[in-house]
Student: 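Pasting a structure below so you can have a look.
Predicted, not measured: the structure shown is a model, and the values here were computed from it. Just so it is clear, the values below take in all heavy atoms, side chains as well, and ignore hydrogens, waters and symmetry mates.
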Amino acid sequence: MPVCNICPYPIYTDEARKVKMQGTVTLRVLVGTDGRASEIRVIRGVGYGLEERAVQTVRGWKFTPARDAARRPVTVWVTIEAVFRLF
């Protein structure tokens with residue numbers, strides 16, 4: 001499985017903060033051999049623009065790519081959950 005090296009948390013939208021929306025956005029992400037997210041699909045969202053923020057943030061993440069048995073980098077799909085919580 002790929003390992004995320006640079007993975008900042010997504011930032012709330014003003015609209016979601018205003019209505020105190022909390023929840024989890026589930027994404028299906030294709031991590032390439034270069035360690036970047038090339039395709040991102042929203043599996044489950046919570047609204048208020050949080051899906052877009054999660055996609056935008058994960059697009060900038062940098063991964064150590066997954067490797068096969070011969071230690072060559074391979075492209076794989078992973079599921080990522082972006083949790084939005086107000087404290």
Student: When you look at CG of D14, are more than 12 heavy atoms from neighbouring residues, nucleotides or ligands closer to it than 6.0 Å?
Tutor: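 Not more than 12 within 6.0 Å, no.
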Student: With side chain to side chain contact (heavy atoms under 4.5 Å, CB included) as the criterion, how do V31 and T75 come out once you've worked through the C-alpha distance, each side chain's angles and the decisive distance to 0.1 Å?
Tutor: CA-CA 6 Å; V31 178; T75 301; over 6 Å; no
Student: Between P65 and D34, is any pair of side-chain heavy atoms under 4.5 Å apart?
Tutor: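 No. Closest side-chain heavy atoms not under 4.5 Å.
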Student: Determine the minimum heavy-atom distance between A37 and R59, stating which atoms define it.
Tutor: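 Smallest heavy-atom distance, with atoms named: CB-CA, 4.5 Å.
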Student: Carefully, step by step, assess I11 and R53 under the rule side chain to side chain contact (heavy atoms under 4.5 Å, CB included).
Tutor: CA-CA 7 Å; I11 299 171; R53 286 287 173 96; 3.9 Å; yes
Student: Which hydrophobic side chains are connected to L30, either touching it within the sub-4.5 Å cutoff or through other members that do?
Tutor: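 Answer for L30: W77.
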Student: Are V74 and F63 grouped together when hydrophobic residues (ILVMFWY) are joined by side-chain heavy atoms under 4.5 angstrom apart?
Tutor: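 Per the 4.5 Å side-chain linkage, V74 and F63 are co-clustered.
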Student: I6: what forms a side chain to side chain contact (heavy atoms under 4.5 Å, CB included) with it, not counting sequence neighbours?
Tutor: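 So I6 forms a side chain to side chain contact (heavy atoms under 4.5 Å, CB included) with P8, K62.
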Student: The test is side chain to side chain contact (heavy atoms under 4.5 Å, CB included); show your working for L50 and T13 and say whether it passes.
Tutor: CA-CA 7 Å; L50 296 178; T13 60; 4.0 Å; yes
Student: Is F84 reachable from V42 through a run of I, L, V, M, F, W or Y residues, each pair having side-chain heavy atoms under 4.5 Å apart?
Tutor: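 Shared cluster, yes.
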Student: In Å and rounded to the nearest 0.5 Å, what is the CD1 to CD distance from I43 to E81?
Tutor: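 One gets 11.0 Å once the value is rounded to the nearest 0.5 Å.
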Student: Quick one: SG on C4 to CD1 on I80, what's the gap to the nearest 0.5 Å?
Tutor: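 It comes to 7.0 Å.
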Student: Give, for atom OG1 of T26 and atom CD of E51, the distance between the pair rounded to the nearest 0.5 Å.
Tutor: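 Atom-to-atom, T26:OG1 and E51:CD are 10.0 Å apart.
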Student: Could you tell me whether the side chain of Q22 and the main chain of L86 form a donor-acceptor pair under 3.5 Å?
Tutor: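 Looks like yes, one N/O pair under 3.5 Å.
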Student: Is any side-chain heavy atom of V46 less than 4.5 Å from a side-chain heavy atom of T24?
Tutor: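 Of all side-chain heavy-atom pairs linking T24 with V46, none is under 4.5 Å.
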Student: Would you say the side-chain atoms of Y48 pair up with the backbone N or O of K18, donor to acceptor, closer than 3.5 Å?
Tutor: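 No, Y48 side chain to K18 backbone: no donor-acceptor pair under 3.5 Å.
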Student: What are the two closest heavy atoms between P73 and T33, and how far apart are they?
Tutor: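 Here P73 and T33 meet closest at O-CG2, 3.4 Å.
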Student: For E39, check side-chain hydrogen bond (donor to acceptor under 3.5 Å, both in side chains) against everything at least two apart and list the hits.
Tutor: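 Applying side-chain hydrogen bond (donor to acceptor under 3.5 Å, both in side chains) to E39 gives R41.
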Student: Working to the nearest 0.5 Å, report the span between OG1 of T64 and CE of M1.
Tutor: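 Result: 13.0 Å between the selected atoms.
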Student: May I ask you to check whether T79 and R28 show a side-chain donor-acceptor distance below 3.5 Å?
Tutor: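 Distance-only check passes for T79 and R28.
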Student: Return the minimal non-hydrogen interatomic distance between A54 and V25, and the atom names on each side.
Tutor: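 So the two residues come closest at CB-CG1, 4.0 Å.
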